[in-house]
Amino acid sequence: MNLPLLQPLSSFINTLFFFSLFFPTYVSSDSEGYSACEPFSCGQIDNISYPFWNSDHQPSYCGHPKFKLDCQQDSVTIGMVSQRFHVIEIDQTYKVLKIARLDLWIDPCTDEYSDVKLDSDFFNYTSNDDEYTLLYDCGRPVLNTSRVNIEGTIPFTCPIGGGFPNAFCLLSKDVGNLKGLGCKNRINVSVLREAMKDALLVQKVLEGGFEVGWSGVDEDRCDGCIKSGGRCGHNESKDAFMCLCLNQQSSDEVCSKSLARSPLAAQTPRPTTAKSLIPPNSPIFPKQSPHAPSMYSSLI
């Protein structure tokens with residue numbers, strides 16, 4: 001018996017199967033990338049997103065290489081140049097990071113006398129910061145002399161290496177007022193201006209940290225990506241921004257308004273009422289006589 005429709009139908013099924021091998025990969029790959037870059041929590045900070053990322057929670061393309069966070073229980077740290085900083089707050093709206101030098105965060109006494117180093121391509125101090133200097137290994141101050149003026153400083157002690165324990169924290173511009181103490185070492189640090197008001201302990205001031213604003217990570221393009229329903233990411237191979245879209249290919253700019261569909265779905269019209277592929281008068285189903293009993297008549 002010759003059934004001419006079976007061969008075209010078989011070809012159609014084979015074609016459909018061929019597309020099914022590739023289309024799920026196309027969708028799932030982009031969907032997985034979008035899902036993998038959802039906001040995450042690190043330490044006691046919640047709802048963290050691009051440009052920050054953490055290798056324990058996300059793949060590296062979810063954030064910029066300069067913004068990798070390390071999460072350890074309640075502690076969050078970030079590396080800048082050759083130093084590490086404790087992350088106190090992250091303000092994603094105003095793009096401001098509050099950080100404190102990790103080696104001075106718990107104890108202001110150190111034997112590493114190096115100034116704070118920021119990557120100026122991405123981080124810069126805010127107007128809320130003031131530049132202070134920590135002076136170490138200083139001689140005992142002589143009060144009420146014209147040579148020494150310690151007003152506005154916070155004294156503390158650091159007995160390191162058998163040296164003099166006297167140390168001071170003061171505005172960097174006032175360091176000259178203590179030159180008579182012969183301090184041997186110093187560190188320039190930034191602190192919040194508010195933290196220095198009525199401050200009595202250097203440790204508390206340093207724990208409060210300082211602010212840096214971040215930039216240089218395609219902030220405007222990221223805002224546009226988010227408004228289009230996407231999530232921001234970083235294309236490592238191109239060292240460039242990319243927008244991760246749900247069920248769409250990632251884009252350099254924004255996500256399209258319509259969900260991505262396979263080429264087959266775009267060309268195939270939406271099915272309406274189902275129709276038989278077999279002609280009604282074919283030998284398989286001969287035309288039924290109007291007087292013949294229906295096959296459903298026994299059910300009535």
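For the single chain, residues carry numbers from 1 onward in sequence order. Just so it is clear, the values below take in all heavy atoms, side chains as well, and ignore hydrogens, waters and symmetry mates.
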Inset, instruction - Determine whether Asp107 and Gln203 make a side-chain contact, defined as any pair of heavy atoms from C-beta on separated by less than 4.5 Å. - result: no

Legend entry - Partner residues of Pro155 under the side-chain contact (heavy atoms from CB on, under 4.5 Å) criterion, sequence neighbours left out: Phe168

Inset, instruction - Enter the distance from Glu112:CD to Leu104:CG here, rounded to the nearest 0.5 Å. - result: 10.5 Å

Legend entry - Single-linkage hydrophobic cluster, 4.5 Å side-chain cutoff, Leu102 and Leu118 together: no

Inset, instruction - List, by chain and then residue number, the residues other than Tyr94 in its hydrophobic cluster (Ile/Leu/Val/Met/Phe/Trp/Tyr, side-chain heavy atoms under 4.5 Å); write none if there are no others. - result: Val96

Inset, instruction - Tell me, please, which residues at least two apart from Arg221 pass side-chain contact (heavy atoms from CB on, under 4.5 Å). - result: Asp218, Phe241, Asp252, Glu253

Legend entry - Any side-chain heavy-atom pair of His234 and Asp239 under 4.5 Å: yes

Legend entry - Single hit among Trp105, Phe123, Tyr125 for ring-ring contact (aromatic ring centres under 6.0 Å, His included) with Phe210: Tyr125

Legend entry - Partner set under side-chain contact (heavy atoms from CB on, under 4.5 Å) for Leu201, not counting sequence neighbours: Lys204

Inset, instruction - Please name all residues satisfying salt bridge (Lys or Arg N to Asp or Glu O under 4.0 Å) with Arg101, sequence neighbours left out, ordered by chain then number. - result: Asp103

Inset, instruction - Sequence neighbours left out, what passes salt bridge (Lys or Arg N to Asp or Glu O under 4.0 Å) with Lys98? Give chain and number order. - result: Glu89

Legend entry - Under the side-chain contact (heavy atoms from CB on, under 4.5 Å) test, residues paired with Ala240 that sit two or more places apart: Lys238

Legend entry - Approximate separation, where rounding is to 0.5 Å, of Trp214 CH2 and Asp119 CG: 15.0 Å

Legend entry - SG atoms of Cys225 and Cys243 less than 2.5 angstrom apart: yes

Inset, instruction - Only counting residues at least two apart or in another chain, list the ones meeting side-chain hydrogen bond (donor to acceptor under 3.5 Å, both in side chains) with Asn124. - result: none

Check: residues 48-57 side-chain donor-acceptor pairs under 3.5 Å, at least two apart:
| unit_1 | atom_1 | unit_2 | atom_2 | d |
| --- | --- | --- | --- | --- |
| Tyr50 | OH | Val217 | O | 3.1 |
| Trp53 | NE1 | His64 | O | 2.9 |
| Asn54 | OD1 | Asp56 | N | 3.0 |
| Asn54 | OD1 | His57 | N | 3.3 |
| Asn54 | OD1 | His57 | ND1 | 2.6 |
| Asn54 | ND2 | Leu69 | O | 2.6 |
| His57 | NE2 | Ser41 | O | 3.4 |

Legend entry - Pairs involving residues 68-82, ordered by first then second residue, that meet side chain to side chain donor-acceptor pair (under 3.5 Å) (sequence neighbours left out): Asp70-Arg84, Thr77-Arg84

Legend entry - Results of salt bridge (Lys or Arg N to Asp or Glu O under 4.0 Å) for Glu194 - residues two or more places apart only: Lys197

Inset, instruction - For residues Lys95 and Ser215, determine if any side-chain heavy atom of one lies less than 4.5 Å from a side-chain heavy atom of the other. - result: no

Legend entry - For Asp129, salt bridge (Lys or Arg N to Asp or Glu O under 4.0 Å) partners two or more places apart: none

